[in-house]
Protein chains: 2
Amino acid sequence: MVRTSMNIGDASERSGVSAKMIRYYENVGLLPSVPRRTNGYRDYGDQEVAVLQFVRRTRDLGFSLDEVSTLLALWSDKKRPSREVKRLAEDHIADLERRIREMRAVMKTLRGLAKHCHGDERSECPILDDLATPRKASSPLTKRH
Amino acid sequence: MVRTSMNIGDASERSGVSAKMIRYYENVGLLPSVPRRTNGYRDYGDQEVAVLQFVRRTRDLGFSLDEVSTLLALWSDKKRPSREVKRLAEDHIADLERRIREMRAVMKTLRGLAKHCHGDERSECPILDDLATPRKASSPLTKRH
DNA sequence: TGTTGACCTTCCCATTGTGGGAGGGTGCAG
DNA sequence: CTGCACCCTCCCACAATGGGAAGGTCAACA
C-alpha cells in the first residue's frame with residue numbers, strides 16, 4: 001500500500017522507528033526536516049518512510065548515529081565510490097570481532113570461577129575470593145552493544 | 001609495601017580506579033565514605049584500597065555498578081550462601097552468550113553484504129541497496145559492552 | 001620567606017540513544 | 001458537543017565516565 005501523506009504515528013509504525021526517535025533524529029540533524037501541515041503536524045511520504053527504514057536497519061546492525069549519517073550521505077550520493085561503504089562495513093565487522101574476543105575472555109574467566117563455587121548453602125565461595133585478587137593488566141570491557 | 005594513609009591519588013594508582021570514579025562511587029553510595037583529614041582530603045588505608053581493587057576487578061568483568069554493589073555486600077557478609085554469588089556469575093555468563101550470538105548474527109549479515117561490494121571506484125554498492133530493504137523482525141543489538 | 005607546581009576539594013557539563021511524562025493543541029467519530 | 005486518540009514542544013532520567021573551572025593545601029626549592 002502506497003500512501004504519501006502520513007502522520008508521524010503511521011510513519012513510525014511503517015518504519016519501526018518510534019515517533020520519539022524520529023523527532024530526535026530530526027533535531028540532531030540526522031534527518032532533514034519534513035514538511036509540516038497547517039496544524040503543525042509533520043507530514044511523511046513514502047520517500048521519508050524509506051529513509052526511516054534505512055536508518056532502522058543500519059541501527060539494528062549496530063552502526064552508531066554518526067555512522068548512519070555517513071551511510072545516508074553515501075546512499076544519496078549516486079557517484080560515491082563503493083570503497084567507502086565497504087570500509088565502513090569492514091571496520092564494523094572488525095569491531096564486532098574484537099568485542100566478541102573480549103567477551104569470550106571474560107566468559108572463560110567467569111566459567112572458571114563459577115566451576116569452583118559450590119553454589120549451595122555454604123558460604124565458602126572462591127568467586128569472591130578471586131574477585132578480591134587484583135589482576136595486572138585487566139582492562140575494562142569495551143562498551144557499546 | 002603496606003601504607004595505611006594515602007591521598008586519593010595513591011589509592012587510585014594502587015587500585016586502578018580513577019580518582020574521579022572513586023569519588024563518584026562514594027557519592028552514589030556504592031562505597032562508604034572514607035575518613036577525611038583535617039584539611040578535608042580523603043584518607044585511604046590498605047583496607048579501602050582492597051575494596052577498590054575488588055570493584056575494579058568486577059567492573060572489568062562487565063558487572064554493572066548495581067551488581068558490583070550486590071557482590072560487595074555478599075563479600076562482606078561472611079554467612080551468605082555461595083548460591084547467590086554463583087547465580088550472579090552464571091546469569092552474567094548467559095548474558096554474554098546471548099550478546100555474542102546476536103553480534104555473530106549481525107557479523108554474518110555484514111560479511112554477506114561486504115562480500116558482494118566491489119569496494120572500488122565504482123559507485124554500485126549492494127550494501128546500501130540492501131540496507132534500504134527493511135527486514136521483518138530485525139531487533140536492535142542489545143546494549144552494554 | 002615566598003613562590004611554584006602538584007595535589008586536593010566541590011560543582012557543573014557532555015557524552016549515547018532512548019524512554020517517560022507534563023502541559024497543551026487538533027481532529028475525527030459517535 | 002464531547003471524548004478519545006492523536007500531535008506538538010520541553011524537560012528529566014538513565015549508566016558510567018571524562019573534562020574542566022574555581023578554589024584550598026602542601027611540600028620543595030631559591
Side-chain angles (χ1 to χ4, degrees), chain A residues 3 5-31 33-44 48 52 55-72 92 95 99 139-145, chain B residues 3 5-31 33-44 48 52 55-72 92 95 99 139-145:
Chain A
R3 270 181 30 201
S5 197
M6 288 171 261
N7 282 341
I8 200 172
D10 297 290
S12 166
E13 205 172 333
R14 281 157 184 261
S15 63
V17 182
S18 76
K20 210 86 175 172
M21 278 304 101
I22 295 178
R23 296 193 195 99
Y24 173 72
Y25 292 158
E26 192 181 318
N27 269 346
V28 298
L30 177 68
L31 304 177
S33 306
V34 288
R36 302 295 186 111
R37 273 199 259 277
T38 48
N39 59 12
Y41 288 15
R42 288 173 181 79
D43 194 0
Y44 295 87
E48 284 82 8
L52 287 173
V55 172
R56 170 69 203 270
R57 175 110 169 94
T58 47
R59 289 289 299 139
D60 284 350
L61 289 177
F63 288 92
S64 70
L65 287 194
D66 238 38
E67 291 166 326
V68 173
S69 183
T70 302
L71 287 168
L72 272 175
H92 199 61
D95 205 43
R99 293 210 303 266
S139 49
L141 270 188
T142 312
K143 297 299 178 303
R144 219 177 117 211
H145 312 315
Chain B
R3 272 184 26 203
S5 197
M6 288 172 261
N7 282 342
I8 199 172
D10 298 288
S12 166
E13 204 173 334
R14 281 158 184 261
S15 63
V17 181
S18 75
K20 210 86 177 175
M21 280 303 102
I22 295 177
R23 296 194 194 97
Y24 172 73
Y25 293 158
E26 193 181 319
N27 269 346
V28 298
L30 177 67
L31 303 177
S33 306
V34 288
R36 303 294 187 111
R37 273 198 260 277
T38 47
N39 58 12
Y41 288 15
R42 288 172 179 79
D43 194 2
Y44 295 87
E48 285 82 9
L52 287 173
V55 172
R56 169 69 203 269
R57 175 112 169 92
T58 47
R59 288 291 299 139
D60 283 351
L61 288 176
F63 289 92
S64 70
L65 287 193
D66 238 38
E67 290 167 325
V68 173
S69 182
T70 303
L71 287 169
L72 272 175
H92 199 62
D95 204 42
R99 293 211 303 266
S139 50
L141 269 188
T142 311
K143 296 300 178 303
R144 223 180 112 209
H145 312 316

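Per chain, numbering begins at 1; letters A, B, ... match sequence-line order. These values consider heavy atoms only, across backbone and side chains, with no hydrogens, waters or symmetry-generated copies. These numbers come from a predicted model, not from an experiment.
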Starting at atom [atom1] of [X], determine the distance to atom [atom2] of [N], rounded to an integer number of angstrom.
{"X": "A:Asp43", "N": "D:dC8", "atom1": "CG", "atom2": "P", "answer": "10 Å"}
{"X": "A:Glu26", "N": "D:dC7", "atom1": "CD", "atom2": "C1'", "answer": "13 Å"}
{"X": "A:Asn27", "N": "D:dT9", "atom1": "CG", "atom2": "C1'", "answer": "9 Å"}
{"X": "B:Ile22", "N": "C:dC7", "atom1": "CD1", "atom2": "C1'", "answer": "14 Å"}
{"X": "B:Leu30", "N": "D:dT17", "atom1": "CG", "atom2": "P", "answer": "10 Å"}
{"X": "B:Tyr44", "N": "C:dC8", "atom1": "OH", "atom2": "C1'", "answer": "11 Å"}
{"X": "B:Asn7", "N": "C:dA6", "atom1": "CG", "atom2": "P", "answer": "16 Å"}
{"X": "A:Arg56", "N": "C:dG17", "atom1": "CZ", "atom2": "C1'", "answer": "14 Å"}

Determine whether any donor atom in the side chain of B:Lys20 lies under 3.5 Å from an acceptor atom in the base of D:dG20, or the reverse, and answer yes or no.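 Answer is yes: a donor-acceptor pair is held.
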
For B:Arg37 and B:Ser5, which I'm curious about, is there any donor-acceptor pair between the side chains at under 3.5 Å?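 There is such a pair between these side chains.
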
Residue met sooner reading DNA chain C from 5', once B:Arg36 and A:Asp66 are mapped to nucleotides: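 Nearest nucleotide further toward 5': that of B:Arg36.
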
How would you label the contact of B:Arg37 with the nucleic acid (heavy atoms, under 4.0 Å): base, sugar-phosphate, or nothing?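 B:Arg37: no heavy atom of the nucleic acid under 4.0 Å.
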
Set of side-chain hydrogen bond (donor to acceptor under 3.5 Å, both in side chains) partners for B:Ser18, sequence neighbours left out: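 Residues passing side-chain hydrogen bond (donor to acceptor under 3.5 Å, both in side chains) with B:Ser18: none at all.
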
Would a distance-only check, ignoring hydrogens and angles, find a side-chain to backbone donor-acceptor pair under 3.5 Å from [X] to [Y]?
{"X": "B:His92", "Y": "B:Glu67", "value": "no"}
{"X": "B:Ser15", "Y": "B:Ala11", "value": "yes"}
{"X": "B:Arg59", "Y": "B:Phe63", "value": "yes"}

Minimum-distance pair of heavy atoms, taken over all atoms of A:Leu31 and A:Ile22: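 In terms of heavy atoms, the two residues are closest at CD1-O, 4.5 Å.
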
Where A:Leu52 and A:Val17 come nearest, the two heavy atoms and their spacing: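 Taking A:Leu52 first and A:Val17 second, the nearest heavy atoms are O-CG2, 3.7 Å.
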
From D:dG18, D:dT9, C:dC8, pick the nucleotide closest to the side chain of A:Arg42?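 Within the option list, the nearest is D:dT9.
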
When you measure from the side chain of A:Tyr24, which nucleotide among C:dG17, D:dG18, D:dC8 comes out closest?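 Between C:dG17, D:dG18, D:dC8, the one nearest the side chain of A:Tyr24 would be C:dG17.
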
Distance check: side-chain N/O of B:Arg59 vs OP1/OP2 of D:dT17, anything under 4.0 Å?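 Indeed, a polar side-chain atom of B:Arg59 lies that close.
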
Contact under 4.0 Å: B:Ser18 side-chain N or O vs D:dT17 OP1/OP2: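 No, because none of the side-chain N or O atoms of B:Ser18 sits under 4.0 Å from OP1 or OP2 of D:dT17.
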
Encode nucleotides 25-30 of chain C as B, S and - characters from 5' to 3', where the letter depends on protein heavy atoms closer than 4.0 Å: B to the base, S only to sugar-phosphate, - to neither. BBS---

